[in-house]
Amino acid sequence: MHLFGHRRYNRPNQKWECGRAAEGKACSLGPDSGGKCIIKSECKPVRDANGFQCARPTQLGGQCPTGPLPDGSCCLQIPPCSPRRTTRAKRQLLVLLTAAFSIGLCFYFFGVSSPHRGFLSGGSLSNRHSSIKHQCSSCHATVEGNVINWVLSAKHPNVQSQKCLECHSMSPHVFSPHGVNPTVLAKLTEVRHGDGKPVEPGAKRMECNTCHKEHRGFQADIKTMTNNQCQTCHAKSFKSFANGHPEFDKFPFRRRTRILFDHSSHFGKNFDKAGVKDMRCQTCHAPDSAGQLMVVSGFKQACAQCHSNQIHGVDQLEKGLVFFRVPAVDLKTLKTKGINIGEWPEDADGALTPFQKILIANDDRFSTAFKQVPDVDLTDLGGLSDADLKAVGQVLWGVKSLLADLAGENSKHLQTKLEKYLKHELAPAELALLAGALPPDVLRNTASAWFHNLKAEVGAFHTGRLTATHRFKQPKDLKDTDVDWVTAGGWYRNNGDYTLRYRPIGHADPFIHNWLDVAAASYAESKLSKGLFDSLSSRKANAGSCMKCHSVDAVAGAAGASGGVHVNWHSKSSDNEPKTFDRFRHVSHFSLLGNTGCLTCHSINKDAEYEKAFVGRDNTVFESNFQPIKKATCVACHQSDRAGDSCLSCHNYHVGEVLSSQSSFKKVQTSMDGDEQTAAAPAGAVPVAVATPAPTATPTPTPTPTSVATPVPAPTATPTPKGD
Amino acid sequence: MITFRKRRMIGVSVSLVLATLFIVCYRKLTDNLVSTATCSGLLLFGFILFLAAYNGRKRITFLPLGKSSTWLQFHLYSGYLCIVLFLIHVGFRTPHGGLETLLAIVFGLVAGSGIVGAILSRMIPRRLTQRAGTIIFETIPLLRRELKDSVDALILNSIELTGKTTIADFYAYRLASFFVGPRNFWSHVQGSERHLSRTYANLMGLKRYLSHDELTVVERLADKVREKDNLDFQYSLQLLLKYWLFIHIPLTFSLIIIGLFHGIYASLWT
């Protein structure tokens, strides 16, 4: 290589080089920093006393023989070249161009309008959210409008999770772990793992995107969680389901079944006795639409064959629910004290019914008197003061006025009293349900049969012209009518004990059903409601026998102090059951059943005192007809190398009321429907009574059966242990 | 004096420890439902800025910022860690969004070109010194031109000397284009000399038709072919050594700009 010598023009650290460098004819100066050829001749002649002299440097050949031209210019002119960029300069140019392109690209996408910002998206939305593609502000509240708005809105706190809740209805404590009240969660932890690490209530706010990572492609599962993630917070961590997972605690029978059905007695005795043959589990149970719960098929299919007559009270001695009664009264004491109550049958029997108490207590004319002697024994008035006796007299006139009002021409009397009791105006449909379609003629006939001068007497009482006590005339030739005629349900009068009774029309009788719901709704607040509910829900009640099968759960009041009640009209289903921590898909396991069918897993516990749990209202006190499921049963398959042992296979993260956006939409729709009905009905109407008097499902907005069902009291929706 | 082997062992060990630490932290934080995106993103961006600073260090020679070779070592191993950080940042998954995909591609090209560059920087200098000494890259066009001129002169002299045009014809048809510019780039990159053997074989085949004087010219022509091939070898390898930076450096700046944009955008939208 030395062959070529070292006379080279090398300026690789500069931006430009002479265009003739490759030809070996590079000029001495090279281009300027702007890439322009600046040399035009080999020298710039200098002028002295002898004229212009050549100034070519010695290393470039020294003075030329010709010398400068007469005008002082060099005789050796160099034609201009096209300077070339050096390698380094080319690279710098490329850097500048790439950077400029990148900046331009960024500004372009920052500046484009919303529909074209798809390029900026973190990726495709999952299939569940694909419908809101390109609607960035549906989830990203801080970035509506242009980039200036983004920057300005960035100072606001993170509200992205709130946007999620616009579609997804969640529990009030959605940002607490599991969506459970932090205090409740801490106590649940304490109950289950008393020796575990403490849980600080409200220590951590869980944003939705903590777990649900979007923009990960159409097929992405944004609900998945790893076992390690589950175990991060939990008091006790373990290696796997098979190795370390706690044994099941009475699973899945942690709460009392909603419907009382003793499998032991039915299969062991009742079915044989009733001649029912070939009863199998699937006769009454079928998987729900999600394939998870084995729901009960309903009264008509499962129970009606044997239990219809019990509802109608066919075998009962005293048939029907007493709505109105002429109560037995200590007439002697009243007469002695000069309390005039008009004519009154001496052979009357029994006390005021809860219905009467409610209606009299909500009658402005008698409410004060009723409050003075609400629970007085009318058959023994001897020990009462004169003032109390006077109040008793007023109440008894209230009884007669009530009958007179009901038998009168104007139905407004009943409506006014009920509205005062319910504290809202009644729609016609509500009134019809609560009145049980009571025919006016029945009332009029009753009034005229029992009290011959009722209208005149009551009129005189209210105008203050009551003068003398009419002697009561025993009704003659009155039969205890209609009891058989209303076997299928309806109103009838029993003259023998001066009662007006109602016989249920069948299962889910709307009159009794609605009065139970109304009474349950104000059970904790109203003594009258409590009396009515206790009367109707008594397992010895001779009308409907609802509570023979339907259990009643105690519900904690607002402060967890005074308790309400909730009637379990329906067996467990996904509609009435807030999501719990556990889940089990029955359908997926059908193929694993052995010759014994459902008994493969559910073996009957013949020694269980099942019915005993239904005496009280605490649904956690319970002994199932079935043996609890053992962990070992599940472990047989649920291992990492077999059916999998992911926590989410059997556990829900979100518990309580959790609705997908689709379900939420239905909820909104229902709400809108409700609004329409409310608009048609007087303001404040309770939807419960508007529900159609269908013989089956009647959804009610009564307090949810939650708090008492949990190991700890809580006023809000908390996960209830699994039951039936 | 730390030997190259020891230095590499230290670098690899420290990088592996740090990479393991990053991954363990990532797994731990992910298990604890802590989002690592912001943290890993900032760390990654910091690493990229540090890596880019090496280019600046080479320009700022007057400041006492440490030896360039030390910087290069940090640049290399930080670059490997950067790849790990990138994988952590994207959650070991393929990006889906347009911007994220673009960033990933740019990062991939920068990282890939960096790795290729590191390999080339290790291999090429050795090959260059093993075969043909050192020639300044910028002088190669001039040397090529001078070589061609000398070959042209040799051919013309051979016509005058021998009175025959056999060699001149062969040169005009077979060799002239070879001397005009760089040739056989990929052969030189691959280290192959098959093209040279082929040319020599053609010259040897020509010998049977030549006189004694012409044979002397052919011998000299063969030397010129060898010189030209050496020039091409130098040119090809030095070109690789210089031009991988044409991908690595511009895209690094692009990566910084788009990455910064991505960071601002992500912080505004979350």
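What's counted below: heavy atoms across the whole structure, side chains too, no hydrogens, waters or symmetry copies. Residue numbering restarts at 1 for every chain, and letters A, B, ... go by the order of the sequence lines. Bear in mind that the values here come from a model prediction, so they are computed numbers and not experimental data.
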- [ ] List the atom of B/Ile249, the atom of A/Val95, and the distance in Å for their closest heavy-atom pair.
- [x] CG2-CG2, 3.6 Å
- [ ] List the atom of A/Gln229, the atom of B/Thr30, and the distance in Å for their closest heavy-atom pair.
- [x] NE2-O, 3.1 Å
Task: Reported NE2-to-CG distance for the pair B/His96 and A/Leu125, which is rounded to 0.5 angstrom - done: 11.5 Å
Task: Partner chain A: residue of B/Lys242, B/His262, B/Arg27, B/Glu100 with the largest heavy-atom pair count (under 4.5 Å) - done: B/Glu100
- [ ] Could you list the residues that satisfy salt bridge (Lys or Arg N to Asp or Glu O under 4.0 Å) with B/Asp152, not counting sequence neighbours?
- [x] B/Lys148
Open item on the list: Heavy-atom cut-off 4.5 Å, strictly under: side chain, backbone, both or neither for A/Lys90 against chain B?
Closed with: both
- [ ] Any chance you could measure B/Ser254, atom OG, to A/Leu105, atom CG, to the nearest 0.5 Å?
- [x] 8.0 Å
Open item on the list: Report which part of B/Phe246 has an atom under 4.5 Å of a heavy atom belonging to chain A: side chain, backbone, both, or neither.
Closed with: both
Open item on the list: As an exercise, state the distance from OG1 of A/Thr226 to CG of B/Leu33, rounded to the nearest 0.5 Å.
Closed with: 7.5 Å
Task: Separation between CZ of B/Arg93 and CZ of A/Arg216, rounded to the nearest 0.5 Å - done: 4.0 Å
Open item on the list: Please classify the contact of B/Ile140 with chain A as side chain, backbone, both or neither, using a heavy-atom distance under 4.5 Å.
Closed with: neither
Task: Interchain contact, B/Thr101 with chain A, by part (heavy-atom threshold 4.5 Å) - done: neither
Open item on the list: Contact between B/Ile258 and A/Cys106 at the side-chain level, heavy atoms closer than 4.5 Å - yes or no?
Closed with: yes
